Protein chains: 2
Amino acid sequence: MAKHRITITDIAKEMGVTPSTVSRALAGNERVSLKTRERVIAVAKDMGYQPNVLASSLRSGRSDTIGMIVPRINRHFFSNVISGVEAILNPAGFNLLICQSHERVEDERKAIHSLLSNRVGGIIISHSVETKSFNHYNEVLAEDIPLVQFDRVTDEIGGPRIVNDNFLGGMRSTRHLIKNGCKRIAHFAGSLHVNVYKERFDGYKYALEKAGIVFDSSLVVDNCILQDSGSQAVEILLRSEKIDGVFAASDFSALGAIKKLKEMKVVIPGEVKVTGFANEPFSDLVDPALSSVEQNAFEMGTQIARLIMENIGKESIPDEEIHVPVRLIVRESSLSGNSEIRIKKDF
Amino acid sequence: MAKHRITITDIAKEMGVTPSTVSRALAGNERVSLKTRERVIAVAKDMGYQPNVLASSLRSGRSDTIGMIVPRINRHFFSNVISGVEAILNPAGFNLLICQSHERVEDERKAIHSLLSNRVGGIIISHSVETKSFNHYNEVLAEDIPLVQFDRVTDEIGGPRIVNDNFLGGMRSTRHLIKNGCKRIAHFAGSLHVNVYKERFDGYKYALEKAGIVFDSSLVVDNCILQDSGSQAVEILLRSEKIDGVFAASDFSALGAIKKLKEMKVVIPGEVKVTGFANEPFSDLVDPALSSVEQNAFEMGTQIARLIMENIGKESIPDEEIHVPVRLIVRESSLSGNSEIRIKKDF
DNA sequence: CTGTTAGCGCGTTCAG
DNA sequence: CTGAACGCGCTAACAG
């Protein structure tokens, strides 16, 4: 029934010293004799002391919790980035306060406020797809809290940005399709005001150009990143166009395309080849297995964590863009008989 | 460059009142005149005031952040439970501090300490698979912090437990296989000291018994919840045993079984029928589509959130076990030609 | 090496 | 209806 939490004052009284000494001892301050330090630690443990980080942060002005805002936590990519972030932050004594924006700018704004109220030491964010203006970040920047953007980023906000090389991913996928014989390649794009989708699209165009294939805008389907829209898109396209390849900016729309093509008795990869993006866990499991671009989410997370820890307490934060490499994983869905085979196992 | 955060004192000075009044006004205290209340709120907004929840919690002894510990955040089930929890907690003004145990009891212990140090108002936990003793929860209970267990639970700790009806799920899956003609059904089990796997196993045994099939322990494979172990298990089993059905406690081992069976040219569901558990996103996508038990993770999350909010501040916490219903989703992998068909679409 | 003093920002008495 | 005073638990000056 000990509702009373042990404080440093309690253990100070117990030992006949002052709270300051206890505080210093627990902080490992060298100016306290080794003997008292050890005694303090022993007594603290004995009495079941739990430091009150609220009081500590309030007094010191520093905080060991970092805020993180992602569109959705139950997406393979984001949950793995989070894991990567925690893998570095937790051992270093930091906590992560995670918020979801649910792809809504209003929730994103609320999350920012909530994190500021919690006096987090830094903020990590990937913007919602709705977010097009960024004035709700002024407060964050004004308070000199390090802000690290990742994946969905904007250069309207200063500070570091960690992103995949989406351009390269788009280019390599498209080039791969071309090398395997595709002449008319459709692209299922996401919202083009979002950097990641814009860059994948740019990579696609670049690869076409380099191969001497003229870009045809009627082969580009906008806002096509879900399974259903992928199915619809491929069905509509095949009515009027002759395509032999699809580069989808998302594995989900690629999957939708595959399912619809099978339904329509179109042979994959024989008649139409398909590649996706993100290397979702299911991509390895569908039939035919889907070629996709691996984003190395966990590694991205570790880099984000290191970056934010570096910048805590610093005055000015460097304005850099860091690229995490991507890797095209070639599977059955995009292979012509005579081509390279690289299979990756998941789980 | 305003490094200084606005406090209630700042806005008090600005208005020529005392901090007390501002504090009361912002709290919506009726004893402050409506006029000053409105003025305070206006000025606060104007000056860009952000309440300091650290100071607030420190003073009031209450906390609006809830801690949550899960084995891994990047598992479909857990990330959806988290989403459900946040869907209720956030609108109510609570924050969620999420920790991962990585299935290690040591990390679980650390997470508990970290949450206690952060003076969370409540703790939500699903135990790691390693956790077999529970004395590290004594401190939590001693401090009268509400503790809600979910999914992986133990009755060695008091308080509410929210779990799926795993027994029912196991029983229905097995019964379904029996009804579809299976006579010798293998079970791929998880660690049996974990409640969820134990109960699925018990449901399996119960269904066999009810159908007059004698239980044969040589058809049970322990510790078989990953894709690889599922593949291995089915291969080894088929060497010595004749089986016509597999009830796996995990979709991953079920998937491994399916892949290996296809490799061995065993026809599914013709010669062997397979069911899994958890309705992972891929289950709908593999070939043949995998029958599985849907756990309603999001709904479980909302119930957890409601429960913990109810119990904050209460003296004694009721000692109940709440069951979240499960639903067997029948797909191709377990159907005999003449049976019910219910397909569920995901994404 | 240790004690003293003074807050961090806020909520809550107790007066008036 | 509002002000004055105090303290939540801790850290950080300044002494000695």
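Proteins come first, then strands; the chains are lettered A, B, ... in the order of their sequence lines, and each starts at number 1. Since the model is a prediction, treat every value here as computed from it, not as a measurement.
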**Item:** Rounded distance in Å - CG (B/Leu116) to P (D/dG9)
**Value:** 15 Å
**Message:** Out of the candidates B/Ile11, B/Ile8, B/Asp10, B/Thr7, only one should pair with B/Pro19 under the side chain to side chain contact (heavy atoms under 4.5 Å, CB included) rule; please name it.
**Reply:** B/Ile8
**Complete:** Residue set satisfying salt bridge (charged side-chain N to carboxylate O under 4.0 Å, His left out) with A/Glu106, at least two apart, ordered chain then number -> A/Arg109
**Asked** Taking DNA chain D as the partner, which of residues 37-66 of chain B come within under 4.0 angstrom of it by heavy atom?
**Response** B/Leu58, B/Arg59
**Item:** Heavy-atom side-chain proximity of B/Ile304 to B/Val81 below 4.5 angstrom
**Value:** yes
**Request:** Keeping to residues at least two apart or across chains, list the side-chain hydrogen bond (donor to acceptor under 3.5 Å, both in side chains) pairs with something in residues 122-131 of chain B.
**Result:** B/Glu108-B/His127, B/Glu108-B/Thr131, B/His127-B/Tyr137, B/His127-B/Gln149, B/Ser128-B/Thr131
For nucleotides 13-16 of chain D, tabulate all protein N/O to nucleotide N/O atom pairs closer than 3.5 Å, reporting atom names and distance.
{"unit_1": "D/dA13", "atom_1": "N6", "unit_2": "A/Arg24", "atom_2": "NH1", "d": "3.1"}

**Item:** Contact list for residues 71-99 of chain B, test salt bridge (Lys or Arg N to Asp or Glu O under 4.0 Å), sequence neighbours left out
**Value:** B/Arg75-B/Glu103
**Asked** Considering heavy-atom distances to DNA chain D, does B/Thr18 or B/Arg119 have its closest nucleotide positioned more toward the 5' end?
**Response** B/Thr18
**Asked** Within less than 4.0 Å of OP1 or OP2 of D/dT11, is there a side-chain N or O belonging to A/Ser23?
**Response** yes
**Complete:** Sequence neighbours excluded, the answer for side-chain contact (heavy atoms from CB on, under 4.5 Å) partners of B/Thr18 is B/Ser20, B/Thr21
**Prompt:** Mind checking which nucleotides bracket the chain A contacts on DNA chain C, 5' to 3', with an atom under 4.0 Å from a heavy atom?
**Reply:** C/dC1 to C/dG9
**Request:** For the helix from C/dC1-D/dG16 to C/dG16-D/dC1, measure the angle between the helix axis at one end and the axis at the other, each built from five pairs, rounding to 10°.
**Result:** 40°
**Asked** Where does the angle between the aromatic ring planes of B/Phe78 and B/Phe150 fall among parallel (under 30°), tilted (30 to 60°) and perpendicular (over 60°)?
**Response** perpendicular
**Message:** Going by the rule side chain to side chain donor-acceptor pair (under 3.5 Å), which residues pair with A/Glu14 if we only count those two or more places apart in sequence or in a different chain?
**Reply:** none
**Complete:** Here the salt bridge (Lys or Arg N to Asp or Glu O under 4.0 Å) pairs for residues 114-126 of chain A, sequence neighbours left out, are none
**Message:** Applying side-chain hydrogen bond (donor to acceptor under 3.5 Å, both in side chains) as the test, list every pair that has at least one member in residues 58-68 of chain A; sequence neighbours left out.
**Reply:** none
**Asked** Between B/Ser79 and B/Ile73, what is the shortest heavy-atom contact and its length?
**Response** CB-O, 3.4 Å
**Request:** In sequence, state the C-alpha distance, the side-chain angles, and the governing distance for B/Lys45 and B/Ile41, and then conclude on side chain to side chain contact (heavy atoms under 4.5 Å, CB included).
**Result:** CA-CA 6 Å; B/Lys45 188 174 178 187; B/Ile41 290 168; 5.6 Å; no
**B/Ser117: side-chain contact (heavy atoms from CB on, under 4.5 Å) partners, not counting sequence neighbours** = A/Gln50, A/Pro51, A/Val53
